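See structure below.
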Amino acid sequence: MALAVVAVVLALNLPAHLLGPPPVRGARNCLHASMVVPVAGAHGPESLAFDLSGEGPYTGVADGRVLKWEGDERGKECVRPFAPELEHVCGRPLGLHFDKKTGDLYIADAYFGLMAVGPDGGLATPVANEAEGGPFRFTNDLDIDKSEDLIYFTDSSTAFHRRQFMNAFLSGGKTGRLLKYNKSSKELKVLMQGLAFPNGVALSKDSLFLLVAESAAGRILRLWLEGPNAGKLDIFAELPSYPDSIRRNSGGELWVALDGKKGPFLRFLLSESRIGNFALGLPVSLQRLHLMLVGGKAEATAVKLGKEGEILEVAQDKRGRPCSSSAKLKRGMIKLWIGSVTRPLIGIYDLN
Ligand SMILES: *[C@@H]1O[C@H](CO)[C@@H](O)[C@H](O)[C@H]1NC(C)=O
(Lines give C-alpha, C1' and ligand atoms only; values in the text may rest on other atoms or scores of the structure.)
Protein backbone atom coordinates (compact mmCIF):
# COMPACT_ATOMS: atom_id res chain seq x y z
CA MET A 1 0.00 0.00 0.00
CA ALA A 2 2.68 2.47 1.06
CA LEU A 3 4.63 1.68 -2.08
CA ALA A 4 1.56 2.17 -4.27
CA VAL A 5 1.08 5.63 -2.79
CA VAL A 6 4.68 6.54 -3.64
CA ALA A 7 4.27 5.23 -7.21
CA VAL A 8 1.02 7.11 -7.78
CA VAL A 9 2.27 10.37 -6.31
CA LEU A 10 5.40 10.31 -8.42
CA ALA A 11 3.57 9.17 -11.55
CA LEU A 12 1.09 12.04 -11.33
CA ASN A 13 3.92 14.42 -12.07
CA LEU A 14 2.39 16.99 -9.75
CA PRO A 15 3.83 20.47 -9.72
CA ALA A 16 6.69 20.32 -7.29
CA HIS A 17 5.27 22.93 -4.88
CA LEU A 18 2.24 20.72 -4.10
CA LEU A 19 4.45 18.05 -2.59
CA GLY A 20 6.84 20.49 -1.13
CA PRO A 21 7.49 20.89 2.52
CA PRO A 22 5.75 23.41 4.77
CA PRO A 23 7.56 26.61 5.68
CA VAL A 24 10.01 26.43 8.58
CA ARG A 25 8.36 27.79 11.69
CA GLY A 26 9.90 30.97 13.00
CA ALA A 27 11.70 31.75 9.76
CA ARG A 28 12.36 35.39 9.19
CA ASN A 29 12.54 36.18 5.51
CA CYS A 30 15.58 38.35 6.08
CA LEU A 31 18.05 37.07 3.56
CA HIS A 32 17.92 39.56 0.79
CA ALA A 33 21.03 38.98 -1.19
CA SER A 34 22.83 42.27 -1.38
CA MET A 35 24.61 40.69 -4.28
CA VAL A 36 24.53 37.46 -6.23
CA VAL A 37 27.82 36.47 -7.76
CA PRO A 38 27.46 34.35 -10.87
CA VAL A 39 30.27 31.85 -10.93
CA ALA A 40 30.88 31.98 -14.64
CA GLY A 41 31.73 28.78 -16.44
CA ALA A 42 31.47 26.70 -13.30
CA HIS A 43 28.81 24.85 -11.40
CA GLY A 44 27.93 24.24 -7.76
CA PRO A 45 30.24 26.32 -5.55
CA GLU A 46 29.42 24.48 -2.34
CA SER A 47 31.96 25.30 0.34
CA LEU A 48 33.49 28.73 0.79
CA ALA A 49 36.74 29.53 2.60
CA PHE A 50 38.73 32.74 3.10
CA ASP A 51 42.52 32.65 3.23
CA LEU A 52 44.77 34.07 5.93
CA SER A 53 44.71 37.56 4.49
CA GLY A 54 40.93 37.52 4.30
CA GLU A 55 40.87 37.15 0.54
CA GLY A 56 38.41 35.00 -1.28
CA PRO A 57 36.18 33.22 -0.96
CA TYR A 58 37.73 30.15 -2.50
CA THR A 59 35.26 27.55 -3.63
CA GLY A 60 35.29 24.04 -5.09
CA VAL A 61 33.23 23.54 -8.24
CA ALA A 62 31.75 20.65 -10.16
CA ASP A 63 34.57 20.17 -12.67
CA GLY A 64 37.19 19.64 -10.00
CA ARG A 65 38.71 23.08 -9.75
CA VAL A 66 39.03 25.27 -6.67
CA LEU A 67 38.42 28.86 -7.73
CA LYS A 68 39.25 32.08 -5.96
CA TRP A 69 36.85 34.98 -6.23
CA GLU A 70 38.76 38.15 -7.00
CA GLY A 71 36.08 40.79 -6.83
CA ASP A 72 34.28 41.45 -10.04
CA GLU A 73 37.14 40.28 -12.24
CA ARG A 74 36.24 37.00 -13.81
CA GLY A 75 38.94 34.40 -13.62
CA LYS A 76 40.08 33.45 -17.11
CA GLU A 77 40.02 29.83 -16.05
CA CYS A 78 36.27 29.83 -15.38
CA VAL A 79 35.26 28.41 -18.72
CA ARG A 80 34.65 24.72 -18.25
CA PRO A 81 31.11 23.36 -18.17
CA PHE A 82 29.26 21.24 -15.67
CA ALA A 83 30.03 17.62 -16.48
CA PRO A 84 28.95 15.19 -13.73
CA GLU A 85 30.11 12.26 -15.84
CA LEU A 86 33.66 13.55 -15.43
CA GLU A 87 33.59 14.03 -11.69
CA HIS A 88 35.55 10.89 -10.96
CA VAL A 89 38.24 12.05 -13.41
CA CYS A 90 38.36 15.75 -12.56
CA GLY A 91 37.39 15.48 -8.90
CA ARG A 92 34.66 17.32 -7.08
CA PRO A 93 36.04 19.49 -4.26
CA LEU A 94 33.43 20.05 -1.55
CA GLY A 95 34.65 21.10 1.91
CA LEU A 96 37.55 23.57 2.10
CA HIS A 97 39.64 24.76 5.05
CA PHE A 98 42.85 26.72 5.30
CA ASP A 99 45.54 25.59 7.72
CA LYS A 100 46.07 28.82 9.65
CA LYS A 101 49.75 28.10 10.31
CA THR A 102 50.96 27.17 6.87
CA GLY A 103 48.33 28.71 4.62
CA ASP A 104 47.85 25.33 2.91
CA LEU A 105 44.35 24.69 1.71
CA TYR A 106 42.86 21.34 2.69
CA ILE A 107 40.16 19.96 0.44
CA ALA A 108 37.56 17.23 0.96
CA ASP A 109 37.16 16.00 -2.60
CA ALA A 110 34.15 13.73 -3.11
CA TYR A 111 36.16 11.40 -5.38
CA PHE A 112 39.83 11.86 -4.45
CA GLY A 113 39.51 12.01 -0.68
CA LEU A 114 41.41 14.41 1.52
CA MET A 115 43.79 16.61 -0.50
CA ALA A 116 45.99 19.65 0.04
CA VAL A 117 47.38 22.47 -2.04
CA GLY A 118 50.01 25.04 -1.01
CA PRO A 119 49.34 28.77 -0.59
CA ASP A 120 50.37 29.43 -4.19
CA GLY A 121 47.76 27.07 -5.60
CA GLY A 122 48.43 24.55 -8.35
CA LEU A 123 47.42 20.93 -8.48
CA ALA A 124 46.18 19.48 -5.20
CA THR A 125 47.98 16.39 -3.90
CA PRO A 126 46.37 13.48 -2.05
CA VAL A 127 46.65 13.34 1.73
CA ALA A 128 44.44 10.31 2.45
CA ASN A 129 42.00 8.31 0.38
CA GLU A 130 41.24 5.17 2.35
CA ALA A 131 40.83 4.07 5.94
CA GLU A 132 40.76 0.66 7.56
CA GLY A 133 40.71 -1.13 4.26
CA GLY A 134 37.87 0.84 2.72
CA PRO A 135 38.46 3.58 0.15
CA PHE A 136 36.55 6.82 0.66
CA ARG A 137 33.59 7.05 -1.67
CA PHE A 138 32.13 10.42 -0.92
CA THR A 139 34.46 12.68 1.08
CA ASN A 140 32.41 15.71 1.97
CA ASP A 141 33.58 18.22 4.55
CA LEU A 142 36.38 18.89 7.01
CA ASP A 143 37.52 21.04 9.89
CA ILE A 144 40.98 21.54 11.37
CA ASP A 145 41.58 21.78 15.12
CA LYS A 146 43.23 24.67 16.89
CA SER A 147 46.62 22.96 16.97
CA GLU A 148 46.35 22.81 13.17
CA ASP A 149 47.41 19.20 13.46
CA LEU A 150 44.19 17.22 13.44
CA ILE A 151 41.78 17.15 10.53
CA TYR A 152 38.28 15.85 11.09
CA PHE A 153 36.36 14.91 7.96
CA THR A 154 33.35 13.02 6.69
CA ASP A 155 32.89 10.30 4.09
CA SER A 156 29.14 10.47 3.40
CA SER A 157 28.72 6.94 2.05
CA THR A 158 30.75 3.85 1.42
CA ALA A 159 28.12 2.62 -1.08
CA PHE A 160 27.47 5.60 -3.35
CA HIS A 161 29.42 8.34 -5.07
CA ARG A 162 28.44 12.00 -4.96
CA ARG A 163 26.71 11.79 -8.33
CA GLN A 164 24.34 9.30 -6.70
CA PHE A 165 23.62 11.47 -3.68
CA MET A 166 19.88 10.80 -3.97
CA ASN A 167 20.59 7.08 -3.63
CA ALA A 168 22.87 7.70 -0.67
CA PHE A 169 20.13 9.79 0.90
CA LEU A 170 17.03 7.69 0.22
CA SER A 171 18.37 4.14 0.29
CA GLY A 172 18.51 4.13 4.07
CA GLY A 173 21.98 2.64 4.02
CA LYS A 174 23.80 4.14 6.96
CA THR A 175 27.34 3.71 5.76
CA GLY A 176 28.82 7.16 6.33
CA ARG A 177 31.90 7.69 8.45
CA LEU A 178 33.62 10.35 10.50
CA LEU A 179 37.41 10.26 10.33
CA LYS A 180 40.37 11.89 11.98
CA TYR A 181 43.75 12.50 10.36
CA ASN A 182 46.85 13.47 12.33
CA LYS A 183 49.09 15.57 10.08
CA SER A 184 52.28 14.91 12.08
CA SER A 185 51.96 11.16 12.42
CA LYS A 186 49.89 10.71 9.21
CA GLU A 187 47.70 8.43 11.27
CA LEU A 188 44.12 7.98 10.14
CA LYS A 189 41.35 6.87 12.46
CA VAL A 190 37.68 6.06 11.94
CA LEU A 191 35.88 7.83 14.80
CA MET A 192 32.32 6.88 13.87
CA GLN A 193 30.65 4.70 11.29
CA GLY A 194 27.09 3.74 10.38
CA LEU A 195 26.04 7.37 9.97
CA ALA A 196 23.10 8.47 7.80
CA PHE A 197 24.80 10.73 5.26
CA PRO A 198 27.30 12.59 7.44
CA ASN A 199 27.95 15.94 5.84
CA GLY A 200 29.23 19.18 7.40
CA VAL A 201 31.70 19.07 10.32
CA ALA A 202 32.74 21.83 12.69
CA LEU A 203 34.73 21.92 15.89
CA SER A 204 33.53 24.02 18.80
CA LYS A 205 35.52 27.19 19.36
CA ASP A 206 37.52 25.58 22.19
CA SER A 207 37.83 22.24 20.29
CA LEU A 208 36.09 20.53 23.23
CA PHE A 209 33.61 18.88 20.91
CA LEU A 210 32.99 18.20 17.27
CA LEU A 211 29.68 18.62 15.46
CA VAL A 212 28.68 16.42 12.56
CA ALA A 213 25.63 17.06 10.40
CA GLU A 214 23.92 13.70 9.92
CA SER A 215 21.97 14.92 6.92
CA ALA A 216 19.54 12.10 6.24
CA ALA A 217 18.58 12.04 9.92
CA GLY A 218 17.98 15.80 9.95
CA ARG A 219 20.13 16.34 12.98
CA ILE A 220 23.51 17.37 14.28
CA LEU A 221 25.53 15.04 16.45
CA ARG A 222 28.04 16.18 19.04
CA LEU A 223 31.13 14.10 19.77
CA TRP A 224 32.98 15.18 22.89
CA LEU A 225 36.73 15.20 22.30
CA GLU A 226 38.12 16.52 25.59
CA GLY A 227 37.06 17.08 29.17
CA PRO A 228 34.96 14.87 31.44
CA ASN A 229 32.65 13.81 28.61
CA ALA A 230 35.44 12.86 26.19
CA GLY A 231 34.34 10.04 23.91
CA LYS A 232 30.61 10.58 24.52
CA LEU A 233 28.19 11.20 21.71
CA ASP A 234 24.89 13.06 21.94
CA ILE A 235 22.40 14.85 19.76
CA PHE A 236 23.24 18.55 19.58
CA ALA A 237 20.27 19.70 17.50
CA GLU A 238 17.23 18.29 15.72
CA LEU A 239 16.57 20.50 12.72
CA PRO A 240 13.50 21.36 10.66
CA SER A 241 15.37 20.22 7.58
CA TYR A 242 18.43 18.38 6.30
CA PRO A 243 21.68 19.99 7.38
CA ASP A 244 24.55 20.43 4.95
CA SER A 245 27.60 22.53 5.90
CA ILE A 246 28.26 23.84 9.41
CA ARG A 247 30.46 26.87 9.92
CA ARG A 248 31.50 28.50 13.16
CA ASN A 249 31.77 32.28 13.48
CA SER A 250 34.27 34.12 15.66
CA GLY A 251 31.75 34.27 18.52
CA GLY A 252 31.48 30.48 18.59
CA GLU A 253 28.00 30.47 17.08
CA LEU A 254 27.25 28.05 14.32
CA TRP A 255 25.59 28.62 11.00
CA VAL A 256 24.10 25.55 9.41
CA ALA A 257 22.96 25.54 5.81
CA LEU A 258 19.81 23.54 5.22
CA ASP A 259 18.90 21.69 2.04
CA GLY A 260 15.34 20.76 1.28
CA LYS A 261 12.91 20.58 4.16
CA LYS A 262 11.28 17.82 6.10
CA GLY A 263 8.07 17.79 4.07
CA PRO A 264 5.58 14.99 4.75
CA PHE A 265 6.38 13.18 1.50
CA LEU A 266 10.12 13.16 2.07
CA ARG A 267 9.65 12.09 5.69
CA PHE A 268 7.55 9.23 4.39
CA LEU A 269 10.18 8.19 1.85
CA LEU A 270 12.81 8.24 4.56
CA SER A 271 10.68 6.42 7.11
CA GLU A 272 11.70 2.97 5.87
CA SER A 273 14.51 1.99 3.60
CA ARG A 274 12.24 -0.15 1.41
CA ILE A 275 10.04 2.88 0.64
CA GLY A 276 13.03 5.03 -0.27
CA ASN A 277 14.50 2.26 -2.41
CA PHE A 278 11.16 1.74 -4.13
CA ALA A 279 11.01 5.44 -5.05
CA LEU A 280 14.56 5.22 -6.40
CA GLY A 281 13.52 2.29 -8.59
CA LEU A 282 10.68 4.17 -10.28
CA PRO A 283 11.18 5.65 -13.74
CA VAL A 284 11.46 9.19 -12.40
CA SER A 285 14.72 11.00 -13.01
CA LEU A 286 16.79 11.68 -9.91
CA GLN A 287 16.74 15.37 -10.82
CA ARG A 288 12.95 15.40 -10.89
CA LEU A 289 12.79 13.45 -7.65
CA HIS A 290 15.15 15.91 -6.03
CA LEU A 291 13.11 18.88 -7.25
CA MET A 292 9.90 17.38 -5.91
CA LEU A 293 11.42 16.69 -2.55
CA VAL A 294 12.84 20.14 -2.03
CA GLY A 295 9.57 21.73 -3.07
CA GLY A 296 10.34 23.01 -6.54
CA LYS A 297 11.97 26.35 -6.04
CA ALA A 298 14.93 25.92 -3.77
CA GLU A 299 15.03 28.41 -0.93
CA ALA A 300 18.21 29.54 0.69
CA THR A 301 17.90 28.65 4.35
CA ALA A 302 20.52 28.95 7.06
CA VAL A 303 19.99 28.55 10.79
CA LYS A 304 22.13 30.00 13.52
CA LEU A 305 22.61 27.70 16.50
CA GLY A 306 23.59 28.76 19.98
CA LYS A 307 26.17 27.04 22.15
CA GLU A 308 23.70 24.40 23.28
CA GLY A 309 22.26 23.74 19.86
CA GLU A 310 19.25 26.01 20.24
CA ILE A 311 18.02 27.67 17.06
CA LEU A 312 18.68 31.37 17.47
CA GLU A 313 17.76 32.47 14.01
CA VAL A 314 16.35 31.04 10.81
CA ALA A 315 17.29 33.10 7.82
CA GLN A 316 15.68 32.45 4.49
CA ASP A 317 15.73 33.82 0.97
CA LYS A 318 12.27 33.05 -0.34
CA ARG A 319 13.20 34.08 -3.82
CA GLY A 320 15.40 31.06 -3.76
CA ARG A 321 18.35 32.32 -5.62
CA PRO A 322 21.41 30.65 -4.21
CA CYS A 323 20.39 27.34 -2.78
CA SER A 324 21.68 26.75 0.72
CA SER A 325 24.81 24.77 1.03
CA SER A 326 27.45 26.59 2.92
CA ALA A 327 27.13 29.43 5.33
CA LYS A 328 30.28 31.40 6.03
CA LEU A 329 30.76 34.53 7.98
CA LYS A 330 33.42 36.89 6.85
CA ARG A 331 34.89 39.19 9.49
CA GLY A 332 32.45 38.67 12.31
CA MET A 333 28.79 39.14 11.69
CA ILE A 334 28.83 41.45 8.76
CA LYS A 335 28.10 39.22 5.86
CA LEU A 336 26.76 35.76 5.37
CA TRP A 337 28.05 34.03 2.26
CA ILE A 338 26.01 31.17 0.93
CA GLY A 339 27.27 28.79 -1.72
CA SER A 340 25.30 26.26 -3.68
CA VAL A 341 26.07 22.69 -4.54
CA THR A 342 23.71 22.72 -7.51
CA ARG A 343 23.74 26.22 -8.96
CA PRO A 344 26.35 28.51 -10.47
CA LEU A 345 25.86 31.14 -7.76
CA ILE A 346 27.16 32.48 -4.47
CA GLY A 347 24.88 34.78 -2.47
CA ILE A 348 26.24 37.51 -0.20
CA TYR A 349 23.80 38.60 2.50
CA ASP A 350 23.87 41.58 4.83
CA LEU A 351 22.67 40.48 8.22
CA ASN A 352 22.88 43.79 10.02
C1 LIG B 1 49.59 13.50 16.40
O2 LIG B 1 50.78 12.81 16.17
C3 LIG B 1 51.91 13.34 16.86
C4 LIG B 1 53.15 12.62 16.36
O5 LIG B 1 53.03 11.23 16.52
C6 LIG B 1 51.69 13.20 18.34
O7 LIG B 1 52.76 13.77 19.04
C8 LIG B 1 50.40 13.93 18.70
O9 LIG B 1 50.11 13.74 20.07
C10 LIG B 1 49.24 13.43 17.87
N11 LIG B 1 48.09 14.28 18.17
C12 LIG B 1 47.00 13.78 18.72
C13 LIG B 1 46.02 14.79 19.20
O14 LIG B 1 46.79 12.58 18.83
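If you're wondering where the values come from, they're calculated on a predicted model, not measured in any experiment. Order of appearance sets the numbers: ligands from 1, and atoms from 1 within every ligand. Along the sequence shown, residues are numbered consecutively beginning with 1.
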What side-chain donor-acceptor pairs closer than 3.5 Å can you find for residues 113-121, not counting sequence neighbours?
none

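In this structure a side-chain-to-backbone donor-acceptor pair under 3.5 Å is missing from Ser157 to Thr175.
Side-chain contacts under 4.5 Å among hydrophobic residues (ILVMFWY), followed directly or transitively, place Leu195 together with Leu150, Tyr152, Leu178, Leu191, Met192, Val201, Leu203, Leu210, Val212, Leu221, Leu223, Leu225, Leu233, Ile235.
In this structure, ligand 1 sits under 4.0 Å from heavy atoms belonging to Asp149, Leu150, Asn182, Ser184, Ser185.
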Query raised in the report: Given Asp149 and Ser184, is the side-chain hydrogen bond (donor to acceptor under 3.5 Å, both in side chains) satisfied, shown in steps?
Result: CA-CA 7 Å; Asp149 204 25; Ser184 318; 2.7 Å; yes

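Annotation: side chain to side chain donor-acceptor pair (under 3.5 Å) contacts of Ser204 (sequence neighbours excluded): Asp206.
For the residue pair Ser47 and Arg247, a side-chain donor N or O sits within less than 3.5 Å of a side-chain acceptor on the partner.
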